[in-house]
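Data block below; observations after.
The first residue of the sequence shown is numbered 1, and numbering continues consecutively from there.
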Amino acid sequence: MRTLISTAFVSLDGVVEAPGGEPGYRNSGWTFKDVEFLPEAYEIKGREQEEAGAMMLGRVSYQAFSAVWPDMADFARYKVLPKYVVSTTLTDADLVDNWGETTILRTLDEVAALKETDGGPIIIHGSATLTRDLSDAGLIDRYHLLVFPLLLGAGKRLFSTTDKDTQHLKLVEHEVYPNGLQKQVFDVVR
């Protein structure tokens with residue numbers, strides 16, 4: 001069984017919207033303009049690329065990342081990994097042709113079936129809506145969070161507000177950096 005890992009930059013109040021500077025959001029670019037950059041805090045991002053066996057994205061994140069990541073040296077390893085896009089609206093004609101093998105999954109049942117296959121961990125970048133849906137369905141196995149010491153108020157949240165049973169997490173790795181950034185890695189307890 002494959003491990004499904006959600007990785008995110010998140011504010012202390014759970015906002016994940018526009019961390020890199022996407023337009024249209026009041027606090028756009030908060031990860032880079034509001035907190036001092038310390039390279040050691042981002043070590044986990046390189047490790048994710050090396051350890052991942054595949055990448056999964058929702059439609060919105062796929063369209064944003066596929067426009068820039070294929071040609072970025074920082075994300076070269078992702079170019080050769082199989083990619084899965086969970087979408088009910090994308091077609092094969094909407095996929096870019098310079099980013100390697102990409103498969104469209106239509107349902108959470110297809111995601112669950114993919115988890116049953118052989119291969120390394122599947123890493124989910126961005127994809128807030130997908131992450132919330134997968135979490136609510138009990139399909140996320142691990143969270144890699146870089147928590148920023150910011151309260152952003154409004155914005156897309158990483159975790160859903162669905163009324164559900166308590167989901168227990170086990171902290172398996174953590175570190176606090178001088179700029180206030182926290183790395184938190186949680187396994188979902190089943």
Side-chain angles (χ1 to χ4, degrees), residues 1-10 14-17 19-20 22 44-45 47-70 75 77-146 155-173 184-190:
M1 180 189 253
R2 301 175 85 164
T3 303
L4 195 54
I5 301 168
S6 172
T7 181
F9 294 155
V10 61
V15 174
V16 293
E17 186 168 27
E22 300 82 1
I44 194 167
K45 305 317 284 176
R47 189 168 18 126
E48 288 169 350
Q49 282 191 67
E50 293 306 313
E51 294 175 358
M55 185 166 47
M56 182 176 288
L57 301 161
R59 179 192 54 81
V60 173
S61 292
Y62 174 79
Q63 289 175 319
F65 295 155
S66 68
V68 292
W69 279 17
F75 302 107
R77 170 92 166 89
Y78 286 144
K79 191 167 186 167
V80 299
L81 287 180
K83 281 162 277 311
Y84 299 92
V85 182
V86 182
S87 173
T88 59
T89 59
L90 280 183
T91 67
D92 286 338
D94 296 318
L95 302 177
V96 299
D97 59 6
N98 64 336
W99 206 21
E101 174 191 345
T102 304
T103 303
I104 299 172
L105 303 176
R106 300 289 180 201
T107 67
L108 296 183
D109 287 340
E110 290 182 70
V111 174
L114 175 64
K115 283 185 60 171
E116 297 297 325
T117 64
D118 291 331
I122 303 168
I123 194 91
I124 304 167
H125 284 281
S127 308
T129 301
L130 175 62
T131 296
R132 288 191 303 269
D133 291 345
L134 292 170
S135 177
D136 286 349
L139 294 172
I140 301 281
D141 300 298
R142 175 175 275 196
Y143 293 95
H144 289 184
L145 305 177
L146 284 178
K156 272 187 204 168
R157 308 267 169 194
L158 181 63
F159 300 104
S160 83
T161 58
T162 302
D163 185 11
K164 60 184 176 183
D165 290 337
T166 301
Q167 187 173 49
H168 294 271
L169 305 174
K170 178 181 178 187
L171 183 65
V172 295
E173 182 180 343
Q184 300 177 0
V185 176
F186 292 99
D187 281 344
V188 175
V189 177
R190 305 241 189 262

Is the side chain of K83 donor-acceptor paired with the backbone N or O of L81 at a distance under 3.5 Å, no angle test?
yes
Keeping the roles fixed (side chain from R77, backbone from A52), state whether a donor-acceptor pair exists under 3.5 Å.
yes
Neighbour count above 12 (heavy atom, 6.0 Å) for D118 CG
no
Side chain to side chain contact (heavy atoms under 4.5 Å, CB included) partner of L134, the single match among V86, T129, L108
L108
Looking at [atom1] of [X] and [atom2] of [Y], how far apart are the two atoms once the value is rounded to the nearest 0.5 Å?
X: M55; Y: T7; atom1: CE; atom2: OG1; value: 11.5 Å
X: R132; Y: I140; atom1: CZ; atom2: CD1; value: 12.0 Å
X: S160; Y: D133; atom1: OG; atom2: CG; value: 8.5 Å
X: R142; Y: L145; atom1: CZ; atom2: CG; value: 11.5 Å

Set of residues satisfying side-chain contact (heavy atoms from CB on, under 4.5 Å) with respect to [X], sequence neighbours excluded:
X: L169; answer: Y143, F186, V188
X: V60; answer: none
X: A54; answer: R2, P82, Y84, I122

Start with the C-alpha distance between I5 and E51, add both sets of side-chain angles, then the distance that settles side-chain contact (heavy atoms from CB on, under 4.5 Å), and finish with yes or no.
CA-CA 11 Å; I5 301 168; E51 294 175 358; over 6 Å; no
Who passes salt bridge (Lys or Arg N to Asp or Glu O under 4.0 Å) against [X], sequence neighbours left out?
X: R47; result: E43, E173
X: R59; result: none
X: K164; result: D136
X: E48; result: K45

Nearest heavy atoms of [X] and [Y], plus distance in Å:
X: S61; Y: S127; result: OG-N, 2.7 Å
X: L139; Y: A112; result: CD2-CB, 3.9 Å
X: V16; Y: A128; result: CG2-CB, 3.6 Å

Full working for side-chain contact (heavy atoms from CB on, under 4.5 Å) between L158 and S6:
CA-CA 10 Å; L158 181 63; S6 172; 4.2 Å; yes
Not counting sequence neighbours, which residues clear ring-ring contact (aromatic ring centres under 6.0 Å, His included) with F9? List them please.
Y42, F148
With sequence neighbours excluded, residues passing ring-ring contact (aromatic ring centres under 6.0 Å, His included) with W69:
F65, F75, Y78, H125
Which residues share a side-chain hydrogen bond (donor to acceptor under 3.5 Å, both in side chains) with T91, sequence neighbours left out
D94
Can you name the residues that form a side-chain hydrogen bond (donor to acceptor under 3.5 Å, both in side chains) with R157, not counting sequence neighbours?
none
Residue pairs meeting salt bridge (Lys or Arg N to Asp or Glu O under 4.0 Å), one or both in residues 101-117, sequence neighbours left out, come to K115-D141
Just wondering, do W99 and K79 contact through their side chains at under 4.5 Å, heavy atoms?
yes
After noting the C-alpha distance and the side-chain angles of D92 and I104, does the key distance pass the side-chain contact (heavy atoms from CB on, under 4.5 Å) rule?
CA-CA 8 Å; D92 286 338; I104 299 172; 3.6 Å; yes
Run the numbers on Q63 and L90 for side-chain contact (heavy atoms from CB on, under 4.5 Å), then give the verdict.
CA-CA 10 Å; Q63 289 175 319; L90 280 183; 3.7 Å; yes
